[in-house]
Asker: 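Can you read through this structure? Questions will come right after.
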Amino acid sequence: MREAALYGGVGADTRPSILRGVIAVALTAVMALLATFSVEVIARGGATDVGAFLSSTARPGMTTVVMLTIVMLCVDAILGRRFLSALVVLPLVLVPALVSNQKQHYLSDPLYPSDMLFGRQIFELLPVMVRDRPMTAIAVAVGILLSVTGLVLAWRYAWRRLPKMARRNRIRNLCLTVPVIAAFGSLMDYSQYSYIRDRLQVVPMMWDQKENYRSNGFILAFIFNIPMADVASPAGLNAQALDAIPSRNYGYLSGPSDKPDVIMLMSESFWDPTRLNTLKFSEDPMPTIRAAQSGHVFSPEFGGMTANVEFEALTGFSNAFLPYGSIPYQQYIRNDIPSLATFFRGEGYAARALHPFSGWFWNRNEVYKDFGFEEFRTEETMPTMEKRGIFASDDSLMKEIMQEADGLDRPFFFFAVTLQGHGPYEANRYANNTVDITGNLTDADRATLATYTQGVKEADDSFKMLTEWASKRDRETIIVLWGDHLPPLGSVYTNTGYMPDQVATRRASVSVMKQEHETPLVIWSNRKGVKQNVGTISPSQLPYHVLKFAGYEHPFYTGFLGRVQKKYPIVDRYQLITRDNTASPDWVRDAKSIDPLVRDYRYLQHDVMFGKAQTVERFFPQHSWLRAEGS
């Protein structure tokens, strides 16, 4: 090899040489530059602004190159071979960049360190992805096989051919590079001031992750997100601040004399496809739900991350107060947390969760225990479910809910998550699509949308079956249904002009954000009918509306959340939206100007999830009673 020749052959790196050291550093820097360039091209899906990134006066590009150079020199010293670090470092940065590119294609967000926590979920969904894009799957499998084979062969060849490093040179390099790497480590914690980061003019943009990854590049932005599991205490939070939060003591009110049964249904990817107004549908795919619609839920997610919507709906807490990209179910729920389950159990209800999939998915087995559910029924513990495609049908889940409800004598609270509507929406999932779609669509888009729309129609039929059953019951039965997020329909959105991109934006006007994040919401009772004029609300506001409709009062769920919803029915990490659609964008960036109501909301959530839980007894009395009883 040419590099070996510069060192006088294999094993020739035994005589001190300034020239050899300079050449080694220069060649390593070139490899680091090429690696950085390649990572950005892959992660961004093109080279359009990579040059600007590398030459920016803010220097995140060159900072990345220097950092990779030093890391590679350190790895070389550890392994004892010049340039062998390329076979270690390059796969470690290129593969995540490729994964990030694909994640952005489907879910709009880049890859975060927290994504590594649910690799098993991705593996479990591989059969679905393979079925949706078989040729792509084959190409990826072949590519992985060839890459691994090539890496193994390259490693064997390099170990034999690359020049060895003398022991004193290895020690010298380690002494020089390790302190520098440790200094770079101070870049990681975005919540703390860093002199080095300030001098390099590198600015973590945690409030806007797309801009963070675009401006700082994939590698630095990924590093900045590593500490996201460490949630910093909000400024000004202390015992006195928590005591000062006003509460109305609803804990001793008895509630309704006849306690209603409550069924909450989070319908997977449920959305109104007729909003694609450039197309025509032969019939309304969701007539029952449309007739019973109370308003909309403003989903904080798009195309996935169901667990984050679920977290808000069950706790009344908000993802807006947590680090961007975090997943509470995976990272933060580690002990008992107040939820609707503990509230209803405190009122004498049976509290049960149902989902026709594996219980470990999104860590639900453990989270539902911490939320206070008495039982979690999964595909492992339910009767065999009828499948529509490869997923359990909504019909079978509704029948299971009805059967379990009929077997209970006491009031019950059921929380169910459907599965049939899960993407991708492969052509011919259903033998017969009963809704014809006309308009300017490609064959592939038409097949995708036809499959999705048929799923919506069947979800509507299942909801109709459930309400007809409930209408015949003696006890009041409240049913709440909403979609967790818009479906990942890919190019259907762009080709119909519904959205400029295949994924929803995170920052836009109120009208655009509602268009790209609203899902249907139904709050219905077999005695009271439809709860009208709810408007568009965050999932965190669902507990307020459910309990008020059921006739309950509660210090947090109707008291505190009631005050929040009167002013801000939508609490999003990028903007607060009032009832008259006035937005407060980037509210989280200036702690001093945050509305005291939102500040107190954040304080309460942090105290319960990460603090000493001193507000639990005052704001969550049922939870305190259950905890005191050890149940």
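The residues of the chain are indexed from 1 along the displayed sequence. Here the structure is a predicted model, which means the values were calculated and not measured.
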Asker: Before you tell me yes or no, could you show the steps for Gln420 and Glu268 under side chain to side chain contact (heavy atoms under 4.5 Å, CB included), namely the whole-Å CA-CA distance, both residues' side-chain angles and the distance that decides it to 0.1 Å?
Answerer: CA-CA 7 Å; Gln420 181 178 336; Glu268 173 61 45; over 6 Å; no
Asker: Calculate, to the nearest 0.5 Å, the distance between atoms OG1 and CZ belonging to Thr418 and Phe463 respectively.
Answerer: 12.5 Å
Asker: For residues Ile479 and Ala470, report the shortest heavy-atom separation together with the two atoms involved.
Answerer: CD1-CB, 4.0 Å
Asker: Please round to the nearest 0.5 Å and tell me the distance separating atom NZ of Lys531 and atom CG of Asn533.
Answerer: 9.5 Å
Asker: Between Phe298 and Met513, what is the shortest heavy-atom contact and its length?
Answerer: CE1-O, 3.7 Å
Asker: Hydrogens and angles aside, do Ser584 and Gln575 bring a side-chain donor and acceptor to less than 3.5 Å of each other?
Answerer: no
Asker: Is it the case that Thr274 and Asp272 place a side-chain donor and acceptor less than 3.5 Å from each other?
Answerer: yes
Asker: Would you say Thr477 and Trp524 make side-chain contact, with heavy atoms under 4.5 Å?
Answerer: no
Asker: For Glu347 and Gln622, does a side-chain donor sit closer than 3.5 Å to a side-chain acceptor?
Answerer: yes
Asker: Could you check whether atom NZ of Lys514 has more than 12 heavy atoms from other residues, nucleotides or ligands sitting under 6.0 Å from it?
Answerer: yes
Asker: Less than 3.5 Å apart, any donor N or O on the side chain of Asn526 or Ser471 sitting next to an acceptor on the other?
Answerer: no
Asker: Assign the ring pair Phe361 / Phe357 to parallel, tilted or perpendicular, where the plane angle (0 to 90°) is split at 30° and 60°.
Answerer: perpendicular
Asker: Find out whether the Lys NZ or Arg CZ of Lys528 is both under 6.0 angstrom from the six-membered ring centre of Phe549 and within 45° of the ring's axis.
Answerer: yes
Asker: List the atom of Gly421, the atom of Ser269, and the distance in Å for their closest heavy-atom pair.
Answerer: O-CB, 3.5 Å
Asker: Does the ring center of Phe317 lie less than 6.0 Å from the ring center of Phe556?
Answerer: yes
Asker: So Asp284 and Arg290, salt bridge (Lys or Arg N to Asp or Glu O under 4.0 Å) or not? Walk me through it.
Answerer: CA-CA 9 Å; Asp284 185 352; Arg290 193 181 308 282; 2.7 Å; yes
Asker: Mind checking whether Tyr498 and Tyr493 have parallel, tilted or perpendicular rings, split at 30° and 60°?
Answerer: tilted
Asker: Taking all non-hydrogen atoms of both residues, which atom of Phe302 and which atom of Pro487 are closest, and how far apart?
Answerer: CZ-O, 3.9 Å
Asker: Go through the steps for Lys280 and Asp436 under the test salt bridge (Lys or Arg N to Asp or Glu O under 4.0 Å), then give the verdict.
Answerer: CA-CA 8 Å; Lys280 291 185 178 179; Asp436 294 328; over 6 Å; no
Asker: Is there a ring pair (Phe, Tyr, Trp, His ring centres under 6.0 Å) between Phe321 and Tyr601 once you walk through the steps?
Answerer: CA-CA 9 Å; Phe321 305 135; Tyr601 190 5; 5.0 Å; yes
Asker: Could you give the distance from CD1 (Ile577) to OG1 (Thr582), rounded to the nearest 0.5 Å?
Answerer: 10.0 Å
Asker: Does the side chain to side chain contact (heavy atoms under 4.5 Å, CB included) test come out yes or no for Leu314 and Phe415, once each step is laid out?
Answerer: CA-CA 9 Å; Leu314 280 171; Phe415 180 81; 3.7 Å; yes
Asker: Using the salt bridge (Lys or Arg N to Asp or Glu O under 4.0 Å) criterion, which residues pair with Arg579? Sequence neighbours excluded.
Answerer: none
Asker: Between atom CG of Leu242 and atom CG of Leu604, what is the distance when rounded to the nearest 0.5 Å?
Answerer: 7.0 Å
Asker: For Gln541 and Ser538, indicate whether the former's side chain and the latter's backbone hold a donor-acceptor pair under 3.5 Å.
Answerer: no
Asker: Mind checking whether Ser318 and Glu312 have side chains closer than 4.5 Å, heavy atoms only?
Answerer: yes
Asker: Are the ring centres of Phe373 and Phe371 closer than 6.0 Å?
Answerer: no
Asker: Less than 6.0 Å separating the ring centroids of Phe343 and His554?
Answerer: yes
Asker: Can you check whether Trp271 reaches Glu518 side chain to side chain, under 4.5 Å on heavy atoms?
Answerer: no
Asker: Test side chain to side chain contact (heavy atoms under 4.5 Å, CB included) on Ile327 and Asn308; report intermediate values, then the result.
Answerer: CA-CA 6 Å; Ile327 307 161; Asn308 284 356; 3.8 Å; yes
Asker: Answer with yes or no whether the side chains of Thr434 and Gln454 bring together a donor and an acceptor at under 3.5 Å.
Answerer: yes
Asker: Hey, could you give me the CG/OH distance between Asn433 and Tyr452, rounded to the nearest 0.5 Å?
Answerer: 14.0 Å
Asker: Examine distances only and state if a side-chain atom of His355 and a backbone atom of Val417 form a donor-acceptor pair shorter than 3.5 Å.
Answerer: yes
Asker: One thing to verify: whether Arg473 and Asp261 come together as a salt bridge, which I'm taking to mean a side-chain N less than 4.0 angstrom from a carboxylate O.
Answerer: yes
Asker: Grab the two heavy atoms, one from Pro285 and one from Asp460, that are nearest each other, plus how far apart they are.
Answerer: O-CB, 3.6 Å
Asker: Would you say the side chain of Ile523 lies within less than 4.5 Å of the side chain of Val534, judging by non-hydrogen atoms?
Answerer: yes
Asker: Can you say whether the rings of Phe344 and Tyr552 are parallel (under 30°), tilted (30 to 60°) or perpendicular (over 60°)?
Answerer: perpendicular
Asker: In sequence, state the C-alpha distance, the side-chain angles, and the governing distance for Ser393 and Asp395, and then conclude on side chain to side chain donor-acceptor pair (under 3.5 Å).
Answerer: CA-CA 5 Å; Ser393 70; Asp395 253 23; 5.9 Å; no
Asker: Parallel, tilted or perpendicular: which fits the ring planes of Tyr368 and Tyr329, with parallel below 30° and perpendicular above 60°?
Answerer: perpendicular
Asker: Within the 4.5 Å heavy-atom criterion, are Pro260 and Arg475 side-chain neighbours or not?
Answerer: no
Asker: Check whether any side-chain heavy atom of Tyr332 sits under 4.5 Å from a side-chain heavy atom of Pro323, and report yes or no.
Answerer: yes
Asker: Side chain of Arg446, backbone of Ile437: donor and acceptor closer than 3.5 Å?
Answerer: yes
Asker: Determine whether more than 12 heavy atoms belonging to other residues, nucleotides or ligands lie under 6.0 Å from atom CG of Asp595.
Answerer: yes
Asker: Donor-acceptor pair, distance only, cut-off 3.5 Å: does the side chain of Tyr574 make one with the backbone of Val588?
Answerer: no
Asker: With heavy-atom distances below 4.5 Å as the criterion, would you say the side chains of Leu322 and Phe610 are in contact?
Answerer: yes
Asker: Cut-off 3.5 Å, side chains only: do Ser511 and Ser509 have a donor facing an acceptor?
Answerer: yes
Asker: What closest approach, in Å, do Pro273 and Leu449 show between heavy atoms, and which atom pair accounts for it?
Answerer: CB-CD1, 4.4 Å
Asker: About how many Å separate OG1 of Thr519 and NE2 of His296, when rounded to the nearest 0.5 Å?
Answerer: 8.0 Å
Asker: Kindly say whether the aromatic ring centers of Tyr544 and Tyr557 come within a distance under 6.0 Å.
Answerer: no
Asker: Side-chain contact, heavy-atom cut-off 4.5 Å: Glu310 with Trp362?
Answerer: no
Asker: Can you check whether Glu458's main-chain N or O pairs, donor with acceptor, with Ser462's side chain at less than 3.5 Å?
Answerer: yes
Asker: Please report the C-alpha distance between Glu301 and Asp484 in whole Å, then the side-chain angles of each, then the deciding distance to 0.1 Å, and finally whether the side chain to side chain contact (heavy atoms under 4.5 Å, CB included) criterion is met.
Answerer: CA-CA 8 Å; Glu301 304 295 345; Asp484 53 350; over 6 Å; no
Asker: Stepwise, does the side chain to side chain donor-acceptor pair (under 3.5 Å) test hold for Thr494 with Ser491?
Answerer: CA-CA 5 Å; Thr494 53; Ser491 57; 5.3 Å; no
